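None of these values were measured; they are calculated from a predicted model. Note that these values count all heavy atoms, side chains included, but never hydrogens, waters or copies made by symmetry.
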Amino acid sequence: MEIFILAFFALGYLVLAGADIGVGMLLPYLGRSGAERRVVIAAIAPFFLGNEVWLVATGGVLAGLFPELESELITGHYNLVVVLLMSWVIRDMGLWLRGRLPTAGWQRWCDGAVVAGSWGLALSWGMLLGHVLTGIDGPLAALPALVVAALFATHGLTFAALRLHGEPHRRASMLSGGAGEARTFALTATALAVVGVLAGLRLPLSAGSASAVLVPVILALIPLLVAAQAWVWWTFRHRVTGPSYL
């Protein structure tokens, strides 16, 4: 049961947060002007905080149910974890602060923070997942990292196709051809989930002694998390029609 709980949260993060990370990576392509970029950011604004809850939950499950694995992952990839966390902060900083000042220079700086942080997140996750999957170190480790990052970007592109309209939608629809957008999104989500499952199968998943206490609590909280996530997706299911932001 502990393994399924970890997989639930970890895969949920990859699929859900992978969409807004991918949109951030492609922000300069999807939005060619400041106004368009604001609309593109508005497409992920209702979701990115809720999606990050899945990462926090994954970290909590690791610490509570798999303390040895958590220690191994952090100790063995300490520098990578630091880069990942810094990228997370930089990306969120750009998202939160962009609307604080109306000047074009400030907004371009925040857009750059969103793009840099999103690429940092994608490449950090790519390095981590790639190392778990292949065990490759050194310069060659960049190859699986780039593959995973490309998958994040593709997933974000399919999500943007579901959320945007007008010219940004046309750019985002390059994979689906303007039709079958939900199907294309499901395919990229499945691909990310498969990568996560393959990485999980290579991890030493031995649960700690706290499982008997923590598992019932986590199982009781899961329906609340799923219900909140479903409510957000249902409430903001329509395409973005204006630059409403945070």
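Pairs passing the side-chain hydrogen bond (donor to acceptor under 3.5 Å, both in side chains) check and including a residue from residues 111-122, sequence neighbours excluded, read R37-D111, R98-D111.
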- Message: If you apply the rule side chain to side chain contact (heavy atoms under 4.5 Å, CB included), what do you find for V132 with L198, and how did you get there?
- Response: CA-CA 9 Å; V132 172; L198 293 176; over 6 Å; no
- Message: Using side chain to side chain contact (heavy atoms under 4.5 Å, CB included), reason through F8 and V226 one step at a time and then give a plain yes or no.
- Response: CA-CA 11 Å; F8 175 77; V226 172; 3.7 Å; yes
- Message: Applying side chain to side chain contact (heavy atoms under 4.5 Å, CB included) to W54 and L11, what does each step give before you reach the verdict?
- Response: CA-CA 9 Å; W54 292 77; L11 297 180; over 6 Å; no
- Evaluate side chain to side chain contact (heavy atoms under 4.5 Å, CB included) for Q229 paired with N51, printing each intermediate quantity in order. CA-CA 8 Å; Q229 191 78 47; N51 295 341; 3.2 Å; yes
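Side chains of F66 and L203 form no contact here, defined as non-hydrogen atoms less than 4.5 Å apart. Within the 4.5 Å cutoff, the side chain of F159 has no heavy atoms near those of the T188 side chain. With a 4.5 Å cut-off on side-chain heavy atoms, L69 and P204 count as touching.
Panel note: side chain R163, backbone R239; no donor-acceptor pair is recorded below 3.5 Å.
The hydrophobic cluster containing L84 does not contain V15, counting ILVMFWY residues as joined when their side-chain heavy atoms lie under 4.5 angstrom apart, directly or transitively. No continuous path of hydrophobic side-chain contacts links V83 to Y13 [ILVMFWY only; heavy atoms under 4.5 Å]. In this structure, L49 is a member of the same hydrophobic cluster as V53, with clusters built from ILVMFWY side-chain heavy atoms closer than 4.5 Å.
For W106 and W109, the ring centers sit closer than 6.0 Å to each other.
By the 30° and 60° cut-offs, the orientation of the rings of W233 relative to F47 is tilted.
The pair D20-R91 meets the salt-bridge criterion, with a side-chain N (NZ, NE, NH1 or NH2) lying under 4.0 Å from an Asp/Glu carboxylate O.
With side-chain heavy atoms closer than 4.5 Å counting as contact, directly or through intermediates, the hydrophobic cluster containing L224 also holds V217, L221.
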